[in-house]
Amino acid sequence: MFETLSDRLTSVFTSLRSKGKLTEADINATAREIRVALLEADVALPVVKDFIARIKERATGAEVAQALNPAQQVVKIVNEELIEILGGETRRIRFAKTAPTVIMLAGLQGAGKTTLAGKLARWLKAEGHAPLLVAADLQRPNAVQQIQVLGERAGVAVFAPEPGNGVGDPVQVARRSIDHARHAQHDIVLIDTAGRLGIDAEMMGQAADIRDAVRPDEILFVVDAMIGQDAVTTAQAFLDGVGFDGVVLTKLDGDARGGAALSVRHITGRPIMFASTGEKLEDFDVFHPDRMAGRILD
Ligand code: GDP
């Protein structure tokens, strides 16, 4: 991901570096080229507009005019503004004062939510926690079984509905999982919820019911970075319908243009917290805005 954007920006900066002092025309031309590169990478228009405005404002100011190497200074500004767009500081999970910390996952079907639940559980365990994976996606056939397989692979306990014991009621399952976690000394409860192929009121309603029943410490919105501009629309719908504290980008290993990754934080005001980069449990990492910006400008 980001290869095309990265290549485009590299060539913009190469031509900029061939100049000594930068005129206003040079800066305008550079800003125009960056704008095109971002739009081609599928970054949402309002994000591109704000970004370019910031770059232009700073590039025409004293920090560039007085720099020993003006072109280098422009690159530095672009890097700083990219980090800013991506969220600035790395945002960590906020743990509850009294265990268990409840983390709820929400997102469309196919976003990679269940896979992510397994990855996050594995990672939390490696960080020294005792997570409980909860299968509250009772909509998708096999979702419960998928969680059980993932839990086994990750070496993490799974809480799943037993036949005749609240089956079909994800709110009940989620609620009971918290009691179970208290008894079994799990310090984190990780709840997978049902998604659908498109945004729909029933799905939002169910996610909101689970939210109200378990009052999560963190709601993470899981979104496929390959769906382009739709990622922004979907994020907005979940923000309005359920609300969330952080974003997880999945499928960053894809060859898509990556605009979602660059838009979702700015549009929703919620930080990107984790990135999923493949189908295996290990293909997962904490999202670091500075490292991502570095990769784009590499
Ligand atoms: P859910 O419906 O949101 O629970 O989605 P799943 O977790 O079942 O994932 C849907 C599909 O995407 C599965 O085939 C996963 O293997 C795949 N998948 C999930 N995360 C990633 C990722 O980061 N990269 C790639 N390439 N595939 C992924």
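All of these numbers come straight from a predicted model, not from anything done at the bench.
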Give the C-alpha distance, both sets of side-chain angles, the deciding distance and a yes or no for side chain to side chain contact (heavy atoms under 4.5 Å, CB included) between R295 and R291.
CA-CA 6 Å; R295 264 172 49 194; R291 287 189 210 162; 5.9 Å; no
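- Using modelled atom types, no side-chain atom of S177 and backbone atom of V134 make a donor-acceptor pair closer than 3.5 Å.
- The same ILVMFWY cluster, assembled from side-chain heavy atoms under 4.5 Å apart, contains both V78 and L39.
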For a salt bridge (charged side-chain N to carboxylate O under 4.0 Å, His left out) check, start with the C-alpha distance between E84 and R54, then their side-chain angles and the critical distance, and finish with the verdict.
CA-CA 11 Å; E84 201 51 41; R54 289 282 304 151; over 6 Å; no
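- Atom CD of Q72 sits in a crowded spot, with more than 12 heavy atoms from other residues, nucleotides or ligands closer than 6.0 Å.
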Test side chain to side chain contact (heavy atoms under 4.5 Å, CB included) on I93 and F274 and set out the steps.
CA-CA 10 Å; I93 291 179; F274 299 100; 3.8 Å; yes
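- Atom CG of L22 sits about 5.0 Å away from atom CD1 of I27, to the nearest 0.5 Å.
- The closest donor-acceptor contact from the side chain of D26 to the backbone of T23 lies under 3.5 Å.
- More than 12 heavy atoms of other residues, nucleotides or ligands shown are found within 6.0 angstrom of CD on Q236.
- Closest non-hydrogen pair, G87 versus P289, comes out as C-CG, 4.2 Å.
- Relative ring orientation between F244 and F221 is described as parallel, the plane-to-plane angle staying below 30° on a 0-90° scale split at 30° and 60°.
- The hydrophobic cluster containing V102 does not contain L190, counting ILVMFWY residues as joined when their side-chain heavy atoms lie under 4.5 angstrom apart, directly or transitively.
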Begin from the C-alpha positions of Q109 and M203 and carry the test side chain to side chain contact (heavy atoms under 4.5 Å, CB included) through to its verdict.
CA-CA 10 Å; Q109 184 174 318; M203 167 185 68; over 6 Å; no
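- In this structure the side chain of K113 never reaches within 4.5 angstrom of the side chain of T250, judged on heavy atoms.
- The shortest side-chain heavy-atom distance between L220 and L120 falls under the 4.5 Å cut-off.
- Side-chain atoms of K125 do not come within 3.5 Å of backbone N or O of P131 as any donor-acceptor pair.
- One finds the CG atom of L249 at 9.5 Å from the OG atom of S276 (value rounded to the nearest 0.5 Å).
- Within the model, atoms OG1 of T277 and CD of E282 stand 9.5 Å from one another, a figure rounded to the nearest 0.5 Å.
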Under the side chain to side chain contact (heavy atoms under 4.5 Å, CB included) criterion, do I296 and L262 qualify, and how do the steps go?
CA-CA 11 Å; I296 294 169; L262 285 167; 4.1 Å; yes
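- Linking Ile, Leu, Val, Met, Phe, Trp and Tyr whenever their side-chain heavy atoms come within less than 4.5 Å puts I227 and M204 in one cluster.
- Atoms CZ and CG, on F284 and L116 in that order, are 6.0 Å from each other to the nearest 0.5 Å.
- Minimum heavy-atom separation, P70 to L68: CD-O, 3.5 Å.
- In terms of hydrophobic clustering, with Ile, Leu, Val, Met, Phe, Trp and Tyr side chains grouped at heavy-atom distances under 4.5 Å, V247 and V232 are assigned to a common cluster.
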Given the rule in the salt bridge (charged side-chain N to carboxylate O under 4.0 Å, His left out) test, do R182 and D179 qualify, once you have shown the distances and angles that lead to the verdict?
CA-CA 5 Å; R182 280 203 190 98; D179 292 335; 3.7 Å; yes
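- Using modelled atom types, one finds no donor on one side chain facing an acceptor on the other under 3.5 Å when comparing T101 with D217.
- Looking at heavy atoms from C-beta onward, E63 lies out of side-chain contact with K76 at the 4.5 angstrom threshold.
- For the pair L138/P161, a side-chain contact is recorded, criterion being any heavy-atom separation below 4.5 Å from C-beta on.
- Follow the hydrophobic side-chain contacts under 4.5 Å out from I199 and you reach I267 in the same cluster.
- Taking 4.5 Å as the limit, every side-chain heavy atom of L86 sits out of range of all side-chain heavy atoms of R265.
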Could you go through H186 and F159, starting from their C-alpha distance and side-chain angles, then the distance that decides it, and tell me whether this counts as ring-ring contact (aromatic ring centres under 6.0 Å, His included)?
CA-CA 11 Å; H186 291 284; F159 186 87; 9.6 Å; no
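- Proximity of a side-chain donor or acceptor of K119 to a complementary backbone N or O of D283 within less than 3.5 Å is detected.
- Taking a 6.0 Å sphere around CD of E127, one finds it holds more than 12 heavy atoms contributed by other residues, nucleotides or ligands.
- Across every non-hydrogen atom of D224 and G110, the tightest pair is OD2-O, 4.5 Å.
- Between the side chain of N142 and the main chain of Q145, no donor-acceptor pair closer than 3.5 Å is present.
- In this structure, R35 contributes its side chain and I52 its backbone to no donor-acceptor pair below 3.5 Å.
- Atom OG1 in T10 sits 9.0 Å away from atom CG in L5 (nearest 0.5 Å).
- A174 approaches I191 most closely through the heavy-atom pair CB-CD1, 4.1 Å.
- Put simply, the side chain of E81 never gets that close to the backbone of F51: no donor and acceptor are under 3.5 Å apart.
- Between T268 and A235 the shortest heavy-atom distance is CG2-CB, 3.7 Å.
- With hydrogens and angles disregarded, a donor-acceptor distance shorter than 3.5 Å links the side chain of D245 to the backbone of I219.
- Annotation: side chain of V75 is in contact with side chain of R17 (closest heavy-atom distance under 4.5 Å).
- Remark: the backbone N or O of L297 is not paired with any side-chain donor or acceptor of S6 at under 3.5 angstrom.
- Here CD of Q73 is found 7.5 Å from CZ of R58. Values are rounded to the nearest 0.5 Å.
- The main-chain N or O of V242 is found under 3.5 Å from a side-chain atom of R211 such that the two form a donor-acceptor pair.
- Put simply, the side chain of P170 does not reach to within 4.5 Å of the side chain of T193, judged on heavy atoms.
- Minimum interatomic distance between L133 and A121 (heavy atoms only, all atoms of both residues): CG-CB, 3.9 Å.
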